[in-house]
Amino acid sequence: MSDKMKAVRLHAFGGPEMLVYEDAPRPGVKPGEVLVRVQAAGLNPPDWYLRDGYRALPPEWRPNASFPLILGTDVSGVIEAVGADVAEFSIGDEVYAMVHFPDNLMTGSNAYAHYVSVPASHVALKPAGIDHIHAAGAPMSLLTAWQFLIELGHDEPNPFQPLPHEPVPLDGKTVLINGAGGGVGHLAVQLAKWRGARVIAVTSAKNEALMRDLGVDQFIDYKTTAEDVVRDVDLVLDAVGGADMERFFHVLKPGGALFLVNPLGFAGHEETERLGITVSSTQVRSNGAQLAKAARLLDDGLVRVVIDSTFPLAEASRAHERAADGSIQGKIVLAV
């Protein structure tokens, strides 16, 4: 096999035009890893944040990257080689994974490529009932929703708060999901319904038909002020972030919880104790065991991945342009 492959590499931070499709060294496989021949790679916000050099962060927090680097965490593909100490996977297995996240948050996890080496603990067998495009759209968004709502699944320190994040019971509860049409949001809607919650979806009007199709109990256009029409919610999952996350205090009942996928900028901690509200966040982490559990839901059609658009790997720059346009419904995926 050649020691070269095609990949999309970044030689300097900047806009989508900085992504270059070119020859790159093919990775080897170390003990505890598998080498995956990538069939599809999913896009996620950390991809464009890193491409841009995390300019929104203070200068001292920005990456000190070693170029060229390869973006991307989410893959679906076929195992090409198996490293020593790996007994649970074999050559030819179809798998999906979120690769080295957040460990390689600032350096890239190498998914925009024909081959990627992945720790076996990050990998799960691809659901047989879906194709590689849909499987590649799942890992980061599905694991985010899973770790917030179902099971944290690790004991790593929480970078956002002193205590670990703890999901809350959902059966019979009312859950409002802000950003319900996006990657994390549309999967969180389905997981909450699966666990028996009454779900209120807040997203753009163009997503109303999709939300109804996914079984939401109430739809709210994001241009409407949710706190004017909703009260006594048990849990808000805010998958959007940004300014004024504290506004969701007004829809929660005492004892309710606000889960923040992107907590940066939240300023309401002092008010939570007075209101009797729990605010919590966590950092999504690679977890093959959780992807294996979720694969059963994807296989049975209880949860489905919505694809916004697909692009050839060689046109990754166009895929990033689509992401910059906003109003993404579901996931953007690169076909390899």
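Index from 1, following the sequence. From a predicted model like this one, the values you see are computed outputs, not experimental measurements.
Counted by atom type alone, E22 and H11 present one or more donor-acceptor pairs between their side chains at under 3.5 Å. If you check the side chains of D131 and H134, you find a donor sitting under 3.5 Å from an acceptor. Looking at S280 and Q161, their side chains do bring a donor and an acceptor atom within 3.5 Å of each other. Between the side chains of Q329 and N207, a donor-acceptor pair is found at a separation under 3.5 Å. If you check the side chains of K331 and S141, you find a donor sitting under 3.5 Å from an acceptor. A donor-acceptor contact under 3.5 angstrom links the side chains of S76 and H132, judged on distance only.
Atom CD of E17 has more than 12 neighbouring heavy atoms from other residues, nucleotides or ligands inside a 6.0 Å radius. Within 6.0 Å of atom CG in D232, more than 12 heavy atoms from other residues, nucleotides or ligands are found, so the atom counts as buried in its surroundings. By the 6.0 Å contact criterion, NZ on K206 is enclosed, its count of non-hydrogen atoms from other residues, nucleotides or ligands being greater than 12.
Checked against D23 for a salt bridge (charged side-chain N to carboxylate O under 4.0 Å, His left out), the options R9, K6, K4 give a single hit: K6. Evaluated for a side chain to side chain contact (heavy atoms under 4.5 Å, CB included) with V303, the options Q190, H186, K193, R296 yield exactly one hit, Q190.
Taking the ring centroids of F160 and H165, they lie at or beyond the 6.0 Å cut-off. Close placement of the F13 and F67 rings is indicated, their centers lying within 6.0 Å of each other.
A donor-acceptor pair under 3.5 Å is absent between the side-chain atoms of N44 and the main chain of D47, judged by distance alone. Checking side-chain atoms of N158 against main-chain N and O of P164 turns up no donor-acceptor pair under 3.5 Å. A donor-acceptor pair under 3.5 Å is formed between the side chain of N287 and the backbone N or O of A289.
A cation-pi arrangement is absent between R37 and Y115 under the rule of less than 6.0 angstrom and at most 45 degrees off the ring axis.
With hydrophobic clusters built from ILVMFWY side chains whose heavy atoms lie under 4.5 angstrom apart, L291 shares a cluster with I133. Both L125 and V82 belong to a common hydrophobic cluster when Ile, Leu, Val, Met, Phe, Trp and Tyr are linked at side-chain heavy-atom distances under 4.5 angstrom.
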Side chain to side chain contact (heavy atoms under 4.5 Å, CB included) between W194 and I150, intermediate numbers included: CA-CA 10 Å; W194 169 61; I150 309 299; 4.2 Å; yes
Full working for side chain to side chain contact (heavy atoms under 4.5 Å, CB included) between K173 and R198: CA-CA 6 Å; K173 304 297 185 180; R198 176 179 181 270; over 6 Å; no
Check against side chain to side chain contact (heavy atoms under 4.5 Å, CB included), D171 and R195: CA-CA 6 Å; D171 188 23; R195 293 302 283 257; over 6 Å; no
Candidate pair D93 and V78, rule side chain to side chain contact (heavy atoms under 4.5 Å, CB included), full reasoning: CA-CA 6 Å; D93 284 347; V78 181; over 6 Å; no
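Using cut-offs of 30° and 60° for the angle between ring planes, the F266 and F249 rings count as perpendicular.
R274 has a carboxylate O that lies under 4.0 Å from a charged side-chain N of E271, or vice versa, which qualifies the two as a salt bridge.
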